[in-house]
Every structure is written in structure tokens, then in C-alpha cells.
Amino acid sequence: IGSTTFAIFIKKMIEYFIHSTLFLGTVYLIYQLMLKNTKAFQFNRIFLLTTFLLTLILPLIEFEIQANDELGLPLGESTNFFKDKQKAIENQKTVEVVDTSHSPLLSFQNIYLLGLLLLSARFIFRLFNLIQLINKKGTKKNGLVFISTKEETVFSFFNYIFIPKKDIESTIPAELIEHEKVHAIQLHSLDLIISELASIIAWINPFVWMMKRSIEQNHEFIADDKVGKEKEAYCSILLNSSKGKQLPMSSGFSYQSLKKRIKMIYRNKPSKQKIMKKVSIALTITIIAVVFSSFQNIHLIKPYTVIIDAGHGGKDKGAISETVYEADLSLLYAQLISKKLEAKGIKVIQLRENDQFIELNERVRLANQYNADLLLSLHLNYIPPSQFPNKKGMELYISNKYIQGSDTNYRYKKIMNLASVLNQNYEGELKVLPAPFTILRESNCASALIELGFISNEEEKAKLVSQDYQDELSTLIAESIVNS
């Protein structure tokens with residue numbers, strides 16, 4: 001049933017990752033070129049975290065503007081399509097209602113979900129390890145908790161500072177402890193948790209990992225800047241202590257980017273004027289990128305539009321069974337279905353709203369004036385009872401041209417999805433058949449012709465004219481359109 005919905009979801013998912021990758025790549029480039037070496041570390045922290053989250057959230061937001069596409073609908077003269085109908089019945093060939101839910105795009109979804117699952121499991125495992133350490137007995141000093149561990153280096157997680165068991169606080173350089181205090185007091189662990197969660201959700205985006213590393217590196221720059229006032233002595237401590245690893249998701253005396261950190265320590269701080277100039281340029285470019293990204297998500301949308309064509313009319317009564325006229329009954333069902341669709345917020349255009357005769361080619365011309373999403377032509381079936389006394393059920397006709405290239409024909413997929421939803425809830429037999437009907441062949445949108453039942457079958461005719469069944473069937477068709 002949900003093949004079309006599934007395909008749309010995967011398409012949206014791919015579009016999101018492409019969009020967020022381009023946006024995040026732009027922001028990352030701005031940071032690397034304009035801000036990384038400014039030594040405006042606190043601003044960089046805000047910039048990195050804010051833009052990181054914005055680039056992941058903004059592509060998810062779509063701004064929709066409702067379009068008003070009202071058109072006048074002139075009505076014309078008409079014709080009968082019995083010849084086309086008879087030809088289709090003579091050459092009818094049942095089309096199987098195919099479940100197209102097994103799409104190649106499923107592999108993309110599965111790969112993404114597998115990565116999401118593995119990274120989520122890793123996050124939970126790491127968090128569990130940190131919680132285990134936190135639960136150990138520690139020493140409280142000035143709002144911080146010092147805990148000895150088996151790890152090889154000093155690191156922190158929120159206000160918890162972990163010290164190697166083989167050392168004691170008095171033998172560890174004071175700069176290392178002060179370094180971790182900066183991480184703890186400034187809540188760098190919160191940034192790490194947020195960036196870790198973001199990288200799990202958008203793991204397929206390569207710039208997510210680059211931004212995450214930049215956030216971690218900037219934390220080290222901040223702590224170094226606060227503690228390393230005596231540059232040579234502090235850098236000597238960095239070099240002498242360059243061993244061991246802290247637990248993931250914690251802030252630590254990181255050595256992985258040691259060369260970059262030492263260079264940053266010795267870099268002269270630019271004047272405030274130069275910093276402000278670079279910050280202003282970076283912010284301007286970022287704002288332009290954000291605005292541009294937002295405009296990419298503004299869609300001028302029109303209401304979902306369905307054209308309902310009540311077959312026959314006027315001098316063309318269609319099939320006749322005693323006092324039951326196809327033209328009258330198809331118009332009644334068209335009106336009921338239209339009301340139910342409009343109640344769901346769908347725009348409905350009825351090609352005829354009363355007993356009037358409209359040429360077949362004129363119906364097509366009128367229908368094509370609208371950029372509709374679906375055209376549904378309603379009819380009642382009739383076969384001489386002497387030949388087929390038990391013939392009953394619903395028939396849905398689809399254009400012959402849809403069958404060709406059906407794998408890529410979106411109109412075919414839309415109608416087959418409608419047929420699949422309809423078939424699931426229809427109690428009788430539903431056949432899907434190809435046909436050369438003009439109304440199907442010449443229309444610009446996805447089109448189907450539905451024979452609602454056989455008025456040549458006395459039992460089915462009695463149902464078709466009953467109010468309860470009319471309400472039931474019209475509801476079923478309207479709901480199938482909404483859900484397909």
C-alpha cells in the first residue's frame with residue numbers, strides 16, 4: 001500500500017542529507033577560513049554549536065505558501081464514449097495489483113538505520129561507563145568532585161574530574177587540574193553530548209564529524225588559553241604528558257591535536273578590530289547561507305486537486321436497467337465523493353454538477369485546464385444478464401500508455417497505489433484493467449475510470465441505489481484517495 005509514500009519518504013530523506021551536507025559544509029568552511037585562528041574562542045564555541053544545530057534542523061522545516069489556482073470552468077456540449085468502452089471490454093486483460101513496496105531505495109534506509117542503531121548502542125555504552133565512574137566515591141572541592149580511576153590520564157565529565165589511580169593530586173601538574181576545571185566549570189560536556197547526539201542522527205553527513213572535532217578542539221583552545229599563561233612551561237607540560245586517552249564523550253587533556261594546540265598558544269592574538277571584522281564577515285556569510293537555505297524550503301503549493309467526472313449526462317443516459325440510469329447514478333456518487341473529499345481539505349472539481357451533456361473531447365479539454373493531481377471518471381457497468389447473470393464487482397480502468405514503462409511512470413504508480421488501497425477495504429471483487437479510453441489517454445494527470453458496479457446484476461443494483469451503500473461506497477473511494 002505505502003510504496004508511493006515510502007518512495008517519497010526516502011526521496012525526502014536523501015534530499016535532507018544532501019541539503020544539510022551542503023549547508024554544514026559551507027558553515028564548516030566559514031569557520032576554518034574566518035574564525036578558527038582568531039582566538040575568539042568563546043564566540044567560536046557559540047558559533048560552532050549554534051550553526052551545527054541550525055544546519056541539521058533548518059533543512060527539516062518546510063515553509064508552504066498556499067497558491068490560489070481558481071479557474072472558471074465553462075461547460076460545453078457532449079458525446080458518448082460507449083464505443084471506447086465496448087472495445088476495452090472486448091479486449092480486456094486483467095492487470096495485477098502489484099505491491100511495489102520492495103524498492104531498491106530500501107537498502108539506503110536499511111544502511112542508515114543500521115548505522116543509527118550501532119552508533120546509538122555505542123553512545124549508550126560510553127555513557128554507561130561514565131556513569132559507573134561517577135558512582136565511585138570521590139572527594140568534593142569547590143563544587144567539583146575528584147575521583148580516582150584506572151585510566152591513564154586526567155579527564156572530566158561535567159563537574160566530575162577523574163585522576164589516574166597511580167597518581168595523586170599533589171604529583172599531577174597543577175595546570176592539568178586547572179585545565180580540567182575549565183572544562184567542568186564551562187560545561188563543555190554539555191556541548192559534547194549535544195554534538196554526539198547530532199552526529200548519531202546525521203552520521204551519514206561527513207561534515208557532522210568534522211564539526212564535532214572542531215567543537216572538541218575549540219574546547220581545548222579555551223582551556224589552554226585560560227591556563228597556559230606561561231607559554232613555555234605549559235607547552236612543556238603538554239609535551240611531557242602526551243600519553244594516554246580519556247574516555248569518549250568526556251573532556252580531557254587531549255593530545256591528539258597537540259601540534260595545533262601549541263601553535264595556537266604561541267599565536268599572537270589579533271587586535272579587537274581585526275577579530276570583529278572577521279567575526280562580522282563570518283556572521284554575514286552565515287546569515288546569507290541560512291536565508292538561502294530557508295528559501296530552498298519555501299514551496300509554493302496548491303491544494304491537492306481531484307477532478308471528478310460523472311459519466312454521461314443529458315441526452316446520453318449511459319447504461320439503463322429498468323428505472324436506473326447510469327448518468328443519474330454516476331452523478332449522485334460523484335456528488336457524494338466530492339463532499340467527502342472536500343471535508344478532508346481536498347480541492348474537488350466536478351466536470352458536471354447536473355444532468356447535462358458534455359462531449360468527451362470537451363471533458364478532456366476542461367479537465368486539462370487544471371493542474372490536477374488525480375482524475376476519476378465514474379460509471380456503472382452493464383452486461384446483458386442473459387450472457388453473464390452473476391457478473392458483479394468493481395472495475396478500475398487504467399490507460400494502456402501507463403502500462404508501458406510502468407516502472408518509472410509516476411501516474412501508473414499513483415493509480416496502482418489507489419487500486420491497492422481500494423482493494424484492501426472493498427468487500428467485493430476489484431479488477432484492474434487496461435483500456436484505451438480517451439478520458440484516460442488524453443488527460444494530463446493520473447487518471448482512472450471506475451465502474452462502481454453492475455446495474456445488470458439485480459442484487460448489486462439494489463445495493464447501488466440504497467442510501468446506506470451509497471454512503472459506504474463513496475466513503476471508501478474518498479478515503480482510498482486520501483490514503484493512497
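The structure displayed is predicted, hence computed values, not measured ones.
Side chains of Gln217 and Lys260 form a contact here, defined as non-hydrogen atoms less than 4.5 Å apart. Using a 4.5 Å cut-off on side-chain heavy atoms (C-beta onward), His379 and Ile450 make no contact. For the pair Met211/Val208, no side-chain contact is recorded, criterion being any heavy-atom separation below 4.5 Å from C-beta on. For the pair Ile308/Val348, a side-chain contact is recorded, criterion being any heavy-atom separation below 4.5 Å from C-beta on. Annotation: side chain of Leu341 is not in contact with side chain of Lys347 (no heavy-atom distance under 4.5 Å). Taking 4.5 Å as the limit, some side-chain heavy atom of Trp209 sits within range of a side-chain heavy atom of Ser199. Counting heavy atoms from C-beta on, the side chains of Val154 and Ile161 come closer than 4.5 Å. The closest side-chain heavy-atom distance from Asn129 to Leu133 is not below 4.5 Å.
Rounding to the nearest 0.5 Å places CD1 of Ile134 at 6.0 Å from CG of Leu130. If you take OG on Ser338 and CG on Leu376, they are separated by 9.5 Å, rounding to the nearest 0.5 Å. Atom CD of Glu175 and atom SG of Cys235 lie 11.0 Å apart (nearest 0.5 Å). Residue Ile124 holds its CD1 atom at 8.0 Å from CD1 of Ile200, rounded to the nearest 0.5 Å. How far CD1 of Ile262 is from OH of Tyr234: 10.0 Å, rounded to the nearest 0.5 Å.
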Using a 3.5 Å cut-off and no angle test, enumerate the donor-acceptor pairs between side-chain atoms of residues 22-37 and protein atoms at least two apart in sequence or in another chain.
{"from": "Thr26", "atom 1": "OG1", "to": "Leu22", "atom 2": "O", "distance (Å)": "2.8"}
{"from": "Tyr28", "atom 1": "OH", "to": "Gln32", "atom 2": "NE2", "distance (Å)": "3.2"}

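Contact record, Asn400 with Pro434: OD1-CB, 3.1 Å, taken as the closest heavy-atom pair. Annotation for Asp309 and Ser377: closest pair OD2-OG, 2.7 Å, computed over non-hydrogen atoms. Taking all atoms of both residues into account, the shortest heavy-atom contact from Ala184 to Leu144 is CB-CD2, 3.8 Å. Between Glu180 and Ser156, the closest heavy-atom pair is OE1-OG, 3.0 Å. Minimum heavy-atom separation, Ala202 to Leu56: CB-CD2, 3.8 Å. Nearest approach of Ala372 to Cys445, heavy atoms of both residues: O-CB, 3.2 Å.
Applying the salt bridge (Lys or Arg N to Asp or Glu O under 4.0 Å) rule to Lys39 yields no partners; only residues at least two apart in sequence or on another chain are considered. When the salt bridge (Lys or Arg N to Asp or Glu O under 4.0 Å) test is applied to Asp225, no partner is found at least two apart in sequence or on another chain. Considering only residues two or more places apart in sequence or on other chains, Asn44 meets the side-chain hydrogen bond (donor to acceptor under 3.5 Å, both in side chains) condition with none of them. Contacts of Lys277 classified as side-chain hydrogen bond (donor to acceptor under 3.5 Å, both in side chains), with partners at least two apart in sequence or in another chain: none. Residues passing the ring-ring contact (aromatic ring centres under 6.0 Å, His included) test with Tyr426: none are found, sequence neighbours excluded. For Glu472, there are no salt bridge (Lys or Arg N to Asp or Glu O under 4.0 Å) partners, not counting sequence neighbours. Residues satisfying the side-chain contact (heavy atoms from CB on, under 4.5 Å) criterion with Ser480, sequence neighbours excluded, are Leu418, Val421, Leu422, Leu476. A search for side-chain hydrogen bond (donor to acceptor under 3.5 Å, both in side chains) contacts involving Glu442 returns nothing, not counting sequence neighbours. Evaluation of the side-chain hydrogen bond (donor to acceptor under 3.5 Å, both in side chains) rule for Glu230 yields no partner, not counting sequence neighbours. The ring-ring contact (aromatic ring centres under 6.0 Å, His included) check on Phe17 picks up Tyr112, with sequence neighbours excluded. Scanning for salt bridge (Lys or Arg N to Asp or Glu O under 4.0 Å) contacts around Lys278 gives an empty result, with sequence neighbours left out.
In this structure, the side chain of Ser420 does not engage the main chain of Met416 through any donor-acceptor pair within 3.5 Å. With hydrogens and angles ignored, the 3.5 Å screen pairs no side-chain donor or acceptor of Asn423 with any backbone N or O of Ala419. No donor-acceptor distance shorter than 3.5 angstrom exists from the side chain of Ser447 to the backbone of Ser443, with no hydrogens or angles considered. Between the Asn483 side chain and the Glu479 main chain, a donor and an acceptor come within less than 3.5 Å of each other. Between the side chain of Asp191 and the main chain of Ile215, no donor-acceptor pair closer than 3.5 Å is present. Arg411 places no side-chain N or O within 3.5 Å of a backbone atom of Ser399 that could act as its donor or acceptor partner. Asp373 places a side-chain N or O within 3.5 Å of a backbone atom of Thr305 that can act as its donor or acceptor partner.
Inspection of the His19 and Thr21 side chains reveals no N or O donor paired with an N or O acceptor under 3.5 Å.
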Exercise. Does the salt bridge (Lys or Arg N to Asp or Glu O under 4.0 Å) test come out yes or no for Glu216 and Arg213, once each step is laid out?
Worked result: CA-CA 5 Å; Glu216 292 169 356; Arg213 282 197 296 271; over 6 Å; no
For this session: Walk me through it: do Leu374 and Tyr304 pass the test side-chain contact (heavy atoms from CB on, under 4.5 Å)?
Result: CA-CA 9 Å; Leu374 177 68; Tyr304 190 87; 4.2 Å; yes
Exercise. Stepwise, does the side-chain contact (heavy atoms from CB on, under 4.5 Å) test hold for Ile163 with Ile147?
Worked result: CA-CA 6 Å; Ile163 301 171; Ile147 300 174; over 6 Å; no
Exercise. Which is it for Leu378 and Leu452 under the side-chain contact (heavy atoms from CB on, under 4.5 Å) test, yes or no, and what are the steps along the way?
Worked result: CA-CA 7 Å; Leu378 302 178; Leu452 299 170; 4.3 Å; yes
For this session: Just do the salt bridge (Lys or Arg N to Asp or Glu O under 4.0 Å) check on Arg126 and Glu196 with the steps written out, would you?
Result: CA-CA 11 Å; Arg126 289 175 170 180; Glu196 186 75 21; 3.7 Å; yes
For this session: Just do the side-chain contact (heavy atoms from CB on, under 4.5 Å) check on Val145 and Phe157 with the steps written out, would you?
Result: CA-CA 10 Å; Val145 181; Phe157 185 67; over 6 Å; no
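Taking a 6.0 Å sphere around CG of Asn142, one finds it holds 12 or fewer heavy atoms contributed by other residues, nucleotides or ligands. Heavy atoms of other residues, nucleotides or ligands lying less than 6.0 angstrom from NZ of Lys136 number more than 12. Residue-environment remark: CD (Gln273) stays at or below the threshold of 12 foreign heavy atoms within 6.0 Å. Open room surrounds NZ on Lys339; 12 or fewer heavy atoms of other groups in view lie less than 6.0 Å from it.
Ring geometry, Tyr397 versus Phe437: the interplanar angle falls from 30° to 60°, so the pair is classed tilted. By the 30° and 60° cut-offs, the orientation of the rings of His183 relative to His179 is perpendicular. The aromatic rings of His219 and His188 sit parallel, their planes meeting at an angle under 30°, below the 60° perpendicular limit.
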